[in-house]
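Basis for what follows: all heavy atoms, side chains included, without hydrogens, waters or symmetry-related copies.
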Amino acid sequence: RIRLVNNTVYGNVLEGIFASSASNQEILLQNNISYANGALDFAVDSPDLASSNNLSSDGSAPGSNAYPGVGPEVAFVSEGPSYFDLHIQPTSIALNKGANLAPDFEMDIDGELRPQGPEWDIGADESSTLVATNYRSIGDRANYGSAEIDGGSTSVTVTQGSRVVTGTGTQWVTFNR
């Protein structure tokens, strides 16, 4: 059996994922995004019956729990024309829709553990919606606070004791002591 799992394929001139059954082997497809390709997103002669959780922009996503015909709701970070970032955003339809493939592998393309949420994500990237950030005062009195930043937000509020400090980026609105 041939396994193609957790891939993101985008913008090929012809097919996205192409596999011929000339070898008489079934092809297991799981957690793949094949999107905006010139011909079929998935052109696979003999997908394994256990194929699941695939996503395509046309109707060719094979297997159970498939997501065929997906449009902008795939929500890549950027689709060009001058810059491509095929990481999925926290609003993506691929978020928490993948099959759990542990213990075969548990890392995404960036080396992040899967899952980051309640379920695996479809595609090569496992989206991380929250990032922990530690803010520290420097000087005589060090007050330590931490905040979680929403991946799409640039505003941060840190509560330390009775004082609330609000900032955008690295500019503080009030003193952090």
Side-chain angles (χ1 to χ4, degrees), residues 2-21 27-48 50-102 104-133 147-156 167-171:
I2 297 170
R3 296 180 68 198
L4 296 173
V5 297
N6 284 102
N7 296 287
T8 300
V9 179
Y10 180 92
N12 287 306
V13 174
L14 296 175
E15 292 86 1
I17 295 178
F18 173 83
S20 172
S21 62
I27 298 163
L28 178 66
L29 298 149
Q30 289 181 300
N31 295 354
N32 296 292
I33 296 174
S34 189
Y35 192 83
N37 296 290
L40 289 173
D41 287 327
F42 289 88
V44 178
D45 289 346
S46 298
D48 190 296
S51 293
S52 68
N53 304 80
N54 295 294
L55 183 150
S56 67
S57 56
D58 62 14
S60 64
S64 61
N65 299 316
Y67 296 87
V70 172
E73 62 271 23
V74 73
F76 291 126
V77 170
S78 175
E79 295 181 54
S82 61
Y83 175 72
F84 287 90
D85 184 343
L86 300 181
H87 287 87
I88 59 172
Q89 297 184 53
T91 58
S92 175
I93 192 172
L95 190 74
N96 296 319
K97 298 289 193 320
N100 183 339
L101 302 180
D104 293 336
F105 70 92
E106 298 174 334
M107 303 285 232
D108 76 351
I109 194 165
D110 301 313
E112 296 175 334
L113 283 174
R114 290 180 183 263
Q116 291 289 314
E119 303 293 333
W120 282 45
D121 297 342
I122 297 175
D125 178 47
E126 181 73 16
S127 180
S128 179
T129 57
L130 295 177
V131 177
T133 304
E148 289 191 343
I149 303 170
D150 183 348
S153 174
T154 57
S155 179
V156 179
T168 301
T170 58
Q171 299 295 319

message: Do L28 and S51 have side chains that approach each other closer than 4.5 Å (heavy atoms only, starting at C-beta)?
response: yes
CG (N96) and CD (E126) are apart, to the nearest 0.5 Å, by 7.5 Å
So CG of N100 and CG of N31: to nearest 0.5 Å the spacing works out to 9.0 Å
Between A39 and E15 the two heavy atoms that sit nearest each other are CB-N, 4.0 Å
OH (Y10) and CG (D41) are apart, to the nearest 0.5 Å, by 11.0 Å
For a 4.5 angstrom cut-off between non-hydrogen side-chain atoms, does L86 reach D125?
no
A66 and A61 have their tightest heavy-atom pair at CB-O, 3.6 Å
Taking every heavy atom of D108 against every heavy atom of D110, the minimum-distance pair comes out as OD1-N, 2.9 Å
Taking the side chain as everything from C-beta on, heavy atoms only, tell me whether N54 gets closer than 4.5 Å to N32. yes
message: Under a 3.5 Å distance rule, please check whether S78 uses its side chain to pair with a backbone N or O of Y83 as donor and acceptor.
response: yes
Next on the checklist: Taking the side chain as everything from C-beta on, heavy atoms only, tell me whether F18 gets closer than 4.5 Å to N12.
Outcome noted: no
Rounded to the nearest 0.5 angstrom, the CD1-CD1 distance for I122 and I93 is 8.0 Å
Next on the checklist: Do R3 and D104 have side chains that approach each other closer than 4.5 Å (heavy atoms only, starting at C-beta)?
Outcome noted: yes
* **Polar contact flag, side-chain donor to acceptor under 3.5 angstrom, S127-D121** => no
Taken to the nearest 0.5 Å, the spacing of E73 CD from S57 OG works out to 10.5 Å
For this session: Would you sort out whether W120 and N6 count as a side chain to side chain contact (heavy atoms under 4.5 Å, CB included), showing the intermediate values?
Result: CA-CA 10 Å; W120 282 45; N6 284 102; 3.7 Å; yes
To the nearest 0.5 Å, atom OH of Y67 lies from atom OG of S56 at 12.5 Å
Which of I33, N37, L4 passes side-chain contact (heavy atoms from CB on, under 4.5 Å) with V9? Answer is N37
Heavy-atom closest pair (P62 atom, L29 atom, distance to 0.1 Å) is CG-CD1, 3.6 Å
